[in-house]
Amino acid sequence: MLGVRLLAAILVALAAAPALAHGSREGPIGWTLDPVLLVPLGITLLVFIVGWRRLASRASAPPAGTVRFLSGWAVLTLALTSPLHQAGERSFTMHMIEHELIMLVATLLLAASGAGGVLAWGLPRSLRLSLAGTWKSPLQAAWKRLTEPVTATVVQAVAMWAWHAPILFDRALDGFGWHIAQHACFFASSLLFWWAMLHPRGRNFGLSAACLFATSLVGGALGALMSLSSSPWYADYAAMGMTGIGLDPTDDQRLAGLIMWIPGGAFHGIAALALFYKWLKASEGGAGALNLQ
């Protein structure tokens with residue numbers, strides 16, 4: 001399935017990223033240009049370009065979703081390699097902005113691109129032919145279950161709340177492997193979520209809208225708890241005394257919580273309204289067709 005191919009190709013880029021580990025909290029903030037991160041991201045882009053060229057040469061029109069995929073790839077790459085990533089080592093607010101760019105912007109664009117077929121065509125012929133094998137049936141069944149809108153909503157909510165619990169977040173701040181696991185969970189769960197919202201079975205965008213509205217409440221509640229807290233949750237940020245953006249750890253956390261609560265909630269709310277409108281228009285069209293008959 002296109003979604004399985006897209007998820008597999010992008011997860012390779014994210015899973016190998018050493019830039020997800022914490023670096024130094026001293027010295028100037030710069031770009032994270034580690035080749036173990038850049039190579040998988042570069043390979044993903046190269047595979048897409050090769051697949052795009054192959055499909056474009058066979059069709060009268062270029063593959064759809066190109067701009068969305070390239071935009072999503074660019075946002076993901078910048079979030080992980082730009083100075084924003086290193087700034088997140090010194091400020092929870094900057095860390096939150098990085099997470100929001102990945103979970104709200106990059107994965108939405110990648111899911112909306114529907115680029116799984118293009119990525120498959122960019123693979124060597126032997127690998128591309130292997131995608132037709134029966135071995136992938138269990139993966140397709142798992143993908144079908146995970147991209148059911150309610151299931152995808154629950155998966156993302158669990159990932160969001162679990163990884164922001166102090167015991168896990170502190171582990172991610174201190175440990176290389178734990179930090180990779182945190183970002184991989186955020187990326188994979190949000191990619192599943194947006195795919196499920198944008199490609200519901202039976203084009204039931206009303207259910208997608210309801211799930212998006214529920215997500216705005218779930219994420220907003222977590223952000224509200226952070227912003228209303230009287231003390232910092234995370235030991236590493238609390239130990240700084242003053243964060244990299246000139247705020248004490250408590251105010252830094254409050255600002256991070258507000259970003260998750262207000263802009264994050266509004267983003268999901270606006271997406272819910274857009275899909276609800278799409279569902280209403282489709283319902284009106286169906287009713288009109290029935291009346292004509």
Side-chain angles (χ1 to χ4, degrees), residues 10-46 69-110 160 163-164 169-187 190-191 223 226-227 232-264 267:
I10 303 302
L11 278 179
V12 169
L14 190 64
L20 299 181
H22 266 259
S24 173
R25 292 191 175 93
E26 299 179 358
I29 293 174
W31 289 74
T32 304
L33 302 178
D34 194 311
V36 183
L37 169 63
L38 296 179
V39 168
L41 289 170
I43 289 175
T44 301
L45 180 61
L46 178 62
F69 177 86
L70 293 177
S71 299
W73 180 91
V75 172
L76 176 64
T77 301
L78 289 173
L80 295 175
T81 64
S82 76
L84 175 65
H85 177 75
Q86 290 190 16
E89 309 293 325
R90 310 179 191 192
S91 165
F92 186 32
T93 296
M94 296 295 103
H95 205 155
M96 180 65 71
I97 292 173
E98 179 187 17
H99 288 174
E100 296 293 273
L101 286 174
I102 293 170
M103 297 183 72
L104 296 182
V105 183
T107 50
L108 169 60
L109 290 168
L110 291 170
M160 188 188 308
W163 279 108
H164 282 96
F169 202 94
D170 282 337
R171 284 182 178 272
L173 289 174
D174 291 332
F176 171 79
W178 285 97
H179 204 179
I180 290 178
Q182 181 195 58
H183 279 74
C185 284
F186 285 156
F187 178 85
S190 59
L191 185 63
M226 290 179 185
S227 64
W233 289 4
Y234 309 119
D236 278 23
Y237 289 126
M240 289 183 185
M242 188 66 70
T243 66
I245 59 173
L247 296 175
D248 66 73
T250 300
D251 287 338
D252 186 43
Q253 178 178 290
R254 287 171 176 166
L255 181 55
L258 283 173
I259 291 172
M260 176 182 279
W261 183 6
I262 307 302
F267 191 98

>> Which residues pass the side chain to side chain donor-acceptor pair (under 3.5 Å) test with W233, not counting sequence neighbours?
In response: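 In terms of side chain to side chain donor-acceptor pair (under 3.5 Å), with neighbours along the sequence ignored, W233 is linked to S229.
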
Would you say that [X] contacts [Y] through its side chain, given a criterion of any heavy-atom pair below 4.5 Å between the two side chains?
| X | Y | answer |
| --- | --- | --- |
| L76 | T107 | no |
| L110 | F69 | yes |
| H99 | Q182 | yes |
| M226 | L258 | no |
| L80 | T32 | no |
| F267 | E100 | no |

Test your reading of the model: is there a side-chain donor-acceptor pair from [X] to the backbone of [Y], 3.5 Å cut-off?
| X | Y | answer |
| --- | --- | --- |
| T81 | W31 | no |
| D252 | S91 | no |
| S190 | F187 | yes |
| Q86 | I29 | no |
| W178 | D170 | no |

>> Can you classify the ring geometry of H95 versus F169 as parallel (below 30°), tilted (30 to 60°) or perpendicular (above 60°)?
In response: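 Plane angle between 30° and 60°, so tilted.
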
Taking all heavy atoms of [X] and all of [Y], pick out the closest pair and write down the distance.
| X | Y | value |
| --- | --- | --- |
| P249 | M242 | CD-N, 4.5 Å |
| S82 | L78 | OG-O, 2.7 Å |
| G72 | A106 | O-CB, 3.7 Å |

> Would Y234 and H164 count as a close aromatic pair, with their ring centres under 6.0 Å?
Replying inline: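 Here the rings of H164 and Y234 have centres that are no less than 6.0 Å from each other.
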
Inter-residue atom distance [X].[atom1] - [Y].[atom2], 0.5 Å rounding:
| X | Y | atom1 | atom2 | result |
| --- | --- | --- | --- | --- |
| F92 | L247 | CZ | CG | 13.0 Å |
| L104 | L109 | CG | CG | 11.0 Å |
| M103 | L108 | CE | CG | 12.5 Å |
| S227 | M260 | OG | CE | 10.5 Å |
| Y237 | T93 | OH | OG1 | 9.0 Å |
| M160 | C185 | CE | SG | 12.5 Å |

>> Per the side-chain hydrogen bond (donor to acceptor under 3.5 Å, both in side chains) rule, what does the pair list look like for residues 253-263, sequence neighbours excluded?
In response: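 Sorted pair list: D251-R254.
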
